Amino acid sequence: MTYKRPVGTQDIVPGVVEEWQYVESIFRAMADDYGYGEIRTPIFEDTDLFLRSVGQETDIVRKEMYTFEDRGGRSLTLRAEGTAPAVRAYLENNLWNQDRERVVKLYYVAPIFRYDRPQAGRYRQHHQLGLEVLGSPRPEVDAEIITFAWNFFQRLGLQGVQVLLNSVGCPLCTPAYVQKLTAVMQESLGDLCADCQTRIQTNPLRVLDCKLCQDYVARAPRLADELCGECDDHLVAVQATLNLLAVPCTLDHTIVRGLDYYTKTAFEFRVEGIGAQASIGGGGRYDGLVEQCGGKPTPGVGIGIGLERVLLARRHAGIEFGADQRDGTFVVALGDGAWNEALKLCYELRAAGIRSDVDYRRRSLKAQLRLADSERYVSAAILGDDEIARGVVSLKNMVDGEQTEVSRSELIVRLS
RNA sequence: GUGGGAGUAGCUCAACGGCAGAGCACCUGACUGUGGCUCAGGGGGUUGGGGGUUCGAAUCCCCUCUCUCACCCCA
């Protein structure tokens, strides 16, 4: 083995890719039902897009981006996050169509790259199922995205999914809260963990979700209690809508998210049993991001769902996938003279939309039937000199072993 | 970036200083035109890589790579 896949990446091979396709298909079907359109953006973007949107002081920017220079000297970065590229594309393609209030609903299924140390549920290339709604400040939209994710997880059979909700305020109320928080934290600065001692300067809200410093966080005022009237109303309305739609959620004051662009609603979906990385989805509102990216002031909300973690959660929940479904007809040739005829029949079946194959190793009848069985064909069409002479095939059912003679002309109809 | 655990056949693992093995899988045959069950036989390995100690290393020591779990952080 000369080459190995890069650290933190994975090959998704036949046998496991089917469950990925299944989960993706549920997501796509639901996105369509909810009125979202798919957007596909480049796998890399100008580095600046991430620097300016995600935030200079976030871990993603500070130590996790896959940044490289192309031959033209441009600094590019592999997609570190889904929202910024979507917003960029929204502006660049004028999806808002000159109507600033137009509600544009986008979804994506895309690989995300972060230079992290891999562990359970964490990869350097992972995949996110994302939703973004641009143009609406309404709390019902926040609730729609959360409800979508909740229903998606239900549909996939995940039990015990926790929905954690919070508000990180807006430029009107957050700064005042940050001042209060900083003041309280300064009192016990020496007791905070090393990270928080710097965080309190660079990104004060992040202190709230530090696992080590929760004792001190508990003494500080809660952000949700310090919101301005508009942010408070918004949070209450999101909760009310979720309640209306029967989505259970818990207010959690430590949810602040790791990206700088969030305003008002911040939320996270967690599930136990898949390791330390328990978050299977997260997102929030970003009312300032579009403007920051050079557009007119436009509100937005979004979510990213971790595909690998959803798959992990399904496995942990004991959900079996793709048991032993059989389909198609394997063509078995008997005798040297039958191979060409078998090949022709195989292509006829394929052209008729019937899964089919032959044994290119031209082995014995026994070996061919074994192959048909292990490749999960539901039947085998046996062609020997005898059958060819009479214009028939011996059609063997691979489940019960019963065999009948079918004329070549009726075969396709019979199998369709 | 930091710390713990682990790398032996395609897979799961044994051998723990003395001839590298088992189960499963794969291939062939018993059954020369009938898969699964059974039985018999067969192919498969630079023991992750490099260096060192030793008469002798999968085994002990050092380095390195990878996997894995956790911290940090995120999906």
Side-chain angles (χ1 to χ4, degrees), chain A residues 1-10 13 15 54 57-64 79-83 109-130 149 193-196 198-199 203 206 209-212 255-259 267-271 274-283 302-313 324 326 330 332-335 338 359 361 363-388 393-403:
Chain A
M1 185 70 73
T2 324
Y3 294 107
K4 289 180 145 176
R5 60 178 183 265
V7 175
T9 62
Q10 45 187 339
V13 299
V54 174
E57 289 304 325
T58 60
D59 279 36
I60 290 181
V61 168
R62 273 181 35 234
K63 52 180 198 182
E64 295 175 3
R79 177 167 39 226
E81 187 266 333
T83 301
V109 177
I112 305 282
F113 303 85
R114 290 189 201 152
Y115 190 88
D116 241 350
R117 192 78 180 265
Q119 70 183 77
R122 196 174 70 189
Y123 304 87
R124 287 190 175 171
Q125 175 179 348
H126 75 277
H127 300 80
Q128 284 189 21
L129 309 171
C193 74
D195 285 334
C196 282
T198 54
R199 271 201 280 256
N203 205 341
R206 300 308 312 284
D209 71 352
C210 177
K211 287 170 193 160
L212 300 173
I255 300 287
V256 291
R257 311 297 304 156
L259 294 82
F267 57 84
E268 202 166 307
F269 290 81
R270 288 189 194 156
V271 69
I274 59 171
Q277 308 304 320
S279 172
I280 54 174
I303 183 175
I305 295 170
L307 181 47
E308 283 84 352
R309 291 189 187 169
V310 167
L311 261 6
L312 266 182
D324 43 10
R326 286 174 177 269
F330 192 90
V332 171
L334 269 174
D359 183 8
R361 292 160 75 182
R363 292 179 298 169
S364 67
L365 169 66
K366 181 200 294 279
Q368 291 180 66
L369 284 171
R370 214 162 28 224
L371 185 59
D373 188 42
S374 69
E375 296 293 334
R376 317 308 292 168
Y377 282 90
V378 71
S379 59
I382 301 169
L383 272 179
D385 295 337
D386 180 37
E387 281 88 350
I388 292 170
V393 303
S394 294
L395 189 63
K396 181 182 177 74
N397 183 313
M398 296 302 289
V399 178
D400 58 25
E402 288 198 18
Q403 190 167 316

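In this text the structure is predicted, and so the values were computed from the model without any measurement. So you know, we letter chains A, B, ... as the sequences are listed, proteins then strands, and number each from 1.
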Output one line per pair: protein atom, nucleotide atom from nucleotides 10-12 of chain B, and distance, for all N/O pairs under 3.5 Å.
none

Legend entry - B/rG33 base / A/Gln368 side chain donor-acceptor hit below 3.5 Å: no

Inset, instruction - May I ask you to verify whether the side chain of A/Gln403 and the base of B/rU34 hold a donor-acceptor pair under 3.5 Å? - result: yes

Inset, instruction - Mark yes or no: A/Arg124 above the aromatic ring of A/Tyr115, with NZ or CZ under 6.0 Å from the six-membered ring centre and no more than 45 degrees from the axis. - result: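 Positive - A/Arg124 is close enough to the ring of A/Tyr115 and near enough to its axis.
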
Inset, instruction - Could you say whether the aromatic ring of A/His126 and the base of B/rA75 stack, counting only centre distances under 5.5 Å and plane angles under 30°? - result: yes

With heavy atoms under 4.0 Å as the rule, sort [X] into base, sugar-phosphate or nothing.
X	value
A/Arg309	base
A/Phe269	nothing
A/Ile382	base
A/Val7	sugar-phosphate

Inset, instruction - Give, ordered by number, those residues of residues 275-283 of chain A having at least one heavy-atom distance below 4.0 Å to an atom of RNA chain B; if nothing qualifies, reply none. - result: A/Gly275, A/Ala276, A/Gln277, A/Ser279, A/Ile280, A/Gly281, A/Gly282

Phosphate-side-chain proximity, [X] and [N], N/O vs OP1/OP2 below 4.0 Å:
X	N	value
A/Gln119	B/rC69	no
A/Arg363	B/rC27	yes
A/Arg370	B/rU28	yes

Inset, instruction - Please determine if A/Arg370 and A/Asp373 form a salt bridge, counting it only when a charged side-chain N lies under 4.0 Å from a carboxylate O. - result: no

Inset, instruction - Kindly indicate, with the supporting measurements, whether the criterion salt bridge (Lys or Arg N to Asp or Glu O under 4.0 Å) is fulfilled by A/Arg257 and A/Glu268. - result: CA-CA 8 Å; A/Arg257 311 297 304 156; A/Glu268 202 166 307; 2.8 Å; yes

Legend entry - Set of residues satisfying side chain to side chain contact (heavy atoms under 4.5 Å, CB included) with respect to A/Ala313, sequence neighbours excluded: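 A/Ala313 satisfies side chain to side chain contact (heavy atoms under 4.5 Å, CB included) with A/Leu158, A/Val271, A/Ile274 once adjacent residues are dropped.
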
Inset, instruction - Return the set of residues passing side chain to side chain contact (heavy atoms under 4.5 Å, CB included) with A/Asn397 (not counting sequence neighbours), or none when no residue passes. - result: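 With sequence neighbours excluded, A/Asn397 shows a side chain to side chain contact (heavy atoms under 4.5 Å, CB included) to A/Val399, A/Asp400, given in chain and number order.
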
If you restrict it to nitrogen or oxygen atoms, what contacts under 3.5 Å exist between nucleotides 1-6 of chain B and the protein, and what is each distance?
{"residue": "B/rU2", "atom": "O4", "partner": "A/Arg117", "partner atom": "NH1", "Å": "2.5"}
{"residue": "B/rG3", "atom": "O6", "partner": "A/Arg117", "partner atom": "NH2", "Å": "3.4"}

Inset, instruction - Side chain of A/Lys366 only, please: which of B/rC69, B/rG33, B/rA30 is the nearest? - result: B/rA30

Inset, instruction - Keeping the roles fixed (side chain from A/Glu81, backbone from A/Thr83), state whether a donor-acceptor pair exists under 3.5 Å. - result: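 Yes, because the side chain of A/Glu81 sits within donor-acceptor range (under 3.5 Å) of the backbone of A/Thr83.
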
Legend entry - Runs of at least three consecutive pairs that involve RNA chain B, where pairs are Watson-Crick or G-U with distances under 3.5 Å: B:1-7 with B:65-71, B:10-13 with B:21-24, B:26-30 with B:38-42, B:48-52 with B:60-64

